[in-house]
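Everything below concerns the one structure shown next.
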Amino acid sequence: QVQLVESGGGLVQPGGSLRLSCAASGFTLNYYATGWFRQAPGKEREGVSYISSHDGGIYYADSVKGRFTMSRDNVKNTVYLQMNSLKAEDTAVYYCATETSPGSSWRYPRLAAAAFGSWGQGTQVTVSS
């Protein structure tokens, strides 16, 4: 059974840092494109970053480039999102997701939520003083 479990969210002051984790079970994560998405109240789900299963590259939304870093630990079957210099506008529920099968995301634009078929339950990140 495919399962993704996020952790690491919380309340942080502007300028602070958090590291989110997404532990996968039931499949081998490094065969699949894996992404981080977020959704703020009243807004659509937004792609934050993802690791491509096509070229192994890591891609970021312009809004987080230079502040967020995504990584993967193949031994732990876990992906991470290191978030630095956090801003109030980063407040959202953060989700990790994988493509339904290896390569199934290739026909979609980068960071398109439709490309990802398996989702975690989300973890809340609140940036506030």
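Nothing here was measured: the structure is a model prediction, and the numbers come from that model.
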Walk me through it: do Leu18 and Leu86 pass the test side-chain contact (heavy atoms from CB on, under 4.5 Å)?
CA-CA 8 Å; Leu18 281 175; Leu86 282 162; 4.2 Å; yes
Trace of the side-chain contact (heavy atoms from CB on, under 4.5 Å) decision for Leu11 with Gln124:
CA-CA 8 Å; Leu11 173 64; Gln124 176 70 47; over 6 Å; no
Using the rule given for side chain to side chain donor-acceptor pair (under 3.5 Å), can you reason through Trp106 versus Ser52, listing the C-alpha separation, both sets of side-chain angles and the distance that settles it, and then say yes or no?
CA-CA 8 Å; Trp106 297 354; Ser52 169; 5.0 Å; no
Please evaluate residues Ser105 and Glu99 with respect to the criterion side chain to side chain donor-acceptor pair (under 3.5 Å), reporting the C-alpha separation (whole Å), side-chain torsions for both, the decisive distance (0.1 Å), and the verdict.
CA-CA 6 Å; Ser105 65; Glu99 59 187 354; 2.6 Å; yes
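Note that Arg110 lies in the cation-pi zone of Tyr59, set by a 6.0 Å cut-off to the ring centre and a 45° limit from the axis. Because its NZ or CZ atom is both nearer than 6.0 Å to the ring centre of Tyr95 and within 45° of the ring axis, Arg45 counts as a cation-pi partner of that residue.
Using bins of under 30°, 30° to 60° and over 60° for the plane-to-plane angle, the ring pair Phe37/Phe116 lands in the perpendicular bin.
Taking 4.5 Å as the limit, every side-chain heavy atom of Tyr60 sits out of range of all side-chain heavy atoms of Leu111. At a threshold of 4.5 Å between non-hydrogen side-chain atoms, the residues Asp73 and Tyr80 count as touching. Using a 4.5 Å heavy-atom cutoff, the side chains of Asn77 and Ser25 are not in contact. Put simply, the side chain of Val48 reaches to within 4.5 Å of the side chain of Leu81, judged on heavy atoms. Looking only at side-chain heavy atoms (C-beta outward), Arg38 and Val125 stay at 4.5 Å or farther from each other. Within the 4.5 Å cutoff, side-chain heavy atoms of Ser7 are placed close to those of Ser21. Side-chain atoms of Ile58 and Tyr50, non-hydrogen and from C-beta on, never get closer than 4.5 Å to each other.
In the hydrophobic cluster analysis, where Ile, Leu, Val, Met, Phe, Trp and Tyr join through side-chain heavy atoms closer than 4.5 angstrom, Val12 is grouped apart from Val93. With hydrophobic clusters built from ILVMFWY side chains whose heavy atoms lie under 4.5 angstrom apart, Phe27 shares a cluster with Trp36. When hydrophobic clusters are built by joining Ile, Leu, Val, Met, Phe, Trp and Tyr residues whose side-chain heavy atoms come closer than 4.5 Å, directly or via intermediates, Met70 is grouped together with Tyr31.
Gly9 approaches Leu20 most closely through the heavy-atom pair N-CD2, 3.6 Å. In this structure, Lys43 and Gln39 approach most closely via the heavy-atom pair O-NE2, 3.1 Å. The two atoms that bring Gln121 and Glu6 nearest to each other are OE1-OE1, 2.8 Å, heavy atoms only. Between Arg72 and Leu29, the closest heavy-atom pair is NH1-O, 4.3 Å. Nearest approach of Ser85 to Ser17, heavy atoms of both residues: N-OG, 4.4 Å. Tyr32 and Ser101 get closest at one heavy-atom pair: CE2-CA, 3.7 Å.
Within 6.0 Å of CD on Glu89 lie more than 12 heavy atoms contributed by other residues, nucleotides or ligands. Enclosure of atom NZ in Lys65 by more than 12 non-hydrogen atoms of other residues, nucleotides or ligands within 6.0 angstrom is indicated.
Judged by distance alone, the side chain of Arg67 and the main-chain N or O of Ser63 form a donor-acceptor pair under 3.5 Å.
In this structure, CD on Glu46 lies 7.5 Å from OH on Tyr94, to the nearest 0.5 angstrom. To the nearest 0.5 Å, atoms OG (Ser71) and CD1 (Ile51) are separated by 7.0 Å.
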